[in-house]
Amino acid sequence: MNLIEELRWRGMIQDIMPGTEEQLSKEMTKGYVGFDPTADSLHIGSLVPILLLVHLQKAGHKPLALVGGATGMVGDPSGKSEERNLLSEEILRFNQEGIRKQLEKFLDFNCGERSAEMVNNYDWFKEMTFLHFIRDVGKHITVNYMMAKDSVKKRIEGDTGMSFTEFTYQLVQGYDFYWLYENKKCKLQMGGSDQWGNIVTGTELIRRKAGGEAFAFTCPLITKADGGKFGKTEKGNVWLDPQKTSPYQFYQFWLNAGDEDAEKWIKIFTFLSQSEVADILAAHKKDAGQRLLQKRLAREITVFVHGREEYEKAIVTTQKLFSNQDAPAESLSIEDLEEMEGVIKSDFAKERILTGIDIVSFLAETGIFSSKGDARKTVQGGGVSINRKKVENEKLKVDSSLLLHGQYILVQKGKKNYFLVKTI
RNA sequence: GGGCAAGUAGCCAAGUGGCCAACGGCAACAGACUGUAAAUCUGUCCUCUUCGGAGUUCGGUGGUUCGAAUCCAUCCUUGCCCA
């Protein structure tokens, strides 16, 4: 199976330029994807472009990761309804470093001629003068062409308008492709389907300015069946950086996927073969309650991103927190409590417990809730458990009888948010 | 520079002198049902609260009024049109 066929059954191809498949089977091809340095870590949304590069490398081609230092300073209008804030050079440089470190985990940067490579478009744009740009780049593309782009049209017809800076974005990005074509012999660009317009501007520029031929394909944007935003949880973005999103939370994110989503995602986010996926789906359909599909999905991705060891830790924590829902909290050892990851820990003065404190004040003062009113409302709604027992009465006194091992209290806010309060 | 329109909670969006902490929708959080899903139903959703209330909001500032998101002035921002 060649690269395109492979990606196609995985549902990773949205648009593809004619001739791309032939080019890929003809010779070792360099292909690139652009990454946006607006944050210092990549989140799981960027996992898709990363996977495109990984697949490319596996298929015997050379991946380039372009960090949009220059374009990040401008802001892409695609899919945005509003003008973006501009970032300073310093922040962009810092973010670029973070991204680089993460990419190194997924791509092989040291395997001969197919080694992955990282480039930053700031490097060729910082020297570029305005005159140079409008003469050598702008000259080749008509405004009519640029205006016809969906991303531009929407903004012009909408009621927010669009600055010249953003309008120029597609040219700047298109020039990236041209530059890589000329200087690195890069003939392929990949990206999310929202990038299609910008990518085509690039191939157009290559055709007109260099008389060359370049190729491209895009991957559909990842969506959720319920229309929600992919990659967001209660706590915000799901990041690839374990400092920002712990491996446990990362694992949980995938484990919580809906059936419909998981079925799509397992093809996109894992390297399982077509027959393996078919087997898993069949097994899942037989007994959906087992959630074999989600478990496998979560396992594959967590191992891929964080490694086997972290995955196993996440599993252990998961089992402790969820598998024996009915087991009394007293059965957990001190080690279990201390080592559970994904549990937010806080300290609390022991005297307050010994003298007894009402549940509402306790929840507010430990920071589990931001205010007493908030805590009270959730308790009234049945949303708080202490040591795995639902708090039925908001007048409950918290005292030493609730301490596990003489010093811990395990608090649950909802079903999935655990807090461990340690008295000192 | 001139003309017109608009700015309301995280977002969309009603409200055009008191009944307004402000209809409705989305998002979010919690509960029930489940499979730590989805769908559905219920509750919460400006801040604090001793759950009785209290305090701060409707682009900013000043004003009119017993009383303003609502009227007036002025400034700021955005869009459209003209120069």
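In what follows, every chain begins at residue 1, and chains take the letters A, B, ... in the order their sequences are listed. All figures in this text were calculated on a predicted structure; none of them were measured in a lab.
- When the P atom of B/G31 is taken as reference, atom CD of A/E394 falls 17 Å away, rounded to whole Å.
- Of all nucleotides listed (B/A30, B/U36, B/G35), B/G35 comes nearest to the side chain of A/A288.
- The separation of B/U70 from B/U78, taken at their P atoms, amounts to 23 Å, rounded to a whole angstrom.
- Checking B/A30, B/C48, B/A37 against the side-chain heavy atoms of A/T378 singles out B/A30 as nearest.
- The ring of A/H55 has its center closer than 6.0 angstrom to the ring center of A/F271.
- Which of B/U50, B/G35, B/A37 sits closest to the side chain of A/H284 comes down to B/G35.
- Regarding A/R376, its CZ atom lies at a distance of 18 Å from the C1' atom of B/C29, rounded to whole Å.
- Side-chain proximity of A/K377 to B/U50, B/U34, B/C45: nearest is B/C45.
- A/S385 comes within 4.0 angstrom of nothing in the nucleic acid, heavy atoms only.
- Nucleotides B/A73 and B/A5 are separated by 13 Å at their P atoms, to the nearest Å.
- B/G52 has its base syn relative to the sugar, with a glycosidic angle deviating from 0 by at most 90°.
- With hydrogens and angles ignored, a donor-acceptor pair closer than 3.5 Å exists between the side chain of A/D259 and the base of B/G35.
- Between the base of B/U36 and the side chain of A/K295 there is no donor-acceptor pair shorter than 3.5 Å.
- Here the two rings, on A/F269 and A/W254, have centers that are under 6.0 Å apart.
- In this pair, A/W124 and A/W179 present their aromatic rings parallel. The plane angle is below 30°, not in the 30 to 60° band.
- The base of B/U36 lies outside donor-acceptor range of the side chain of A/Q294, with no N or O pair under 3.5 Å.
- Annotation: B/A30 and B/C66 have their C1' atoms spaced 43 Å apart (nearest Å).
- Listed pair A/N256 / B/A38 fails the phosphate criterion, with no side-chain N or O lying under 4.0 Å from OP1 or OP2.
- Separating the NZ atom of A/K413 from the P atom of B/C29 is a distance of 10 Å, rounded to the nearest angstrom.
- Look at CD on A/Q412: it is 16 Å from C1' on B/C29, rounded to the nearest Å.
- At the phosphate of B/A32, OP1 or OP2 sits under 4.0 Å from a side-chain N or O atom of A/K390.
- Under the Watson-Crick or G-U wobble criterion, with both distances below 3.5 Å, B/C80 is paired with B/G3.
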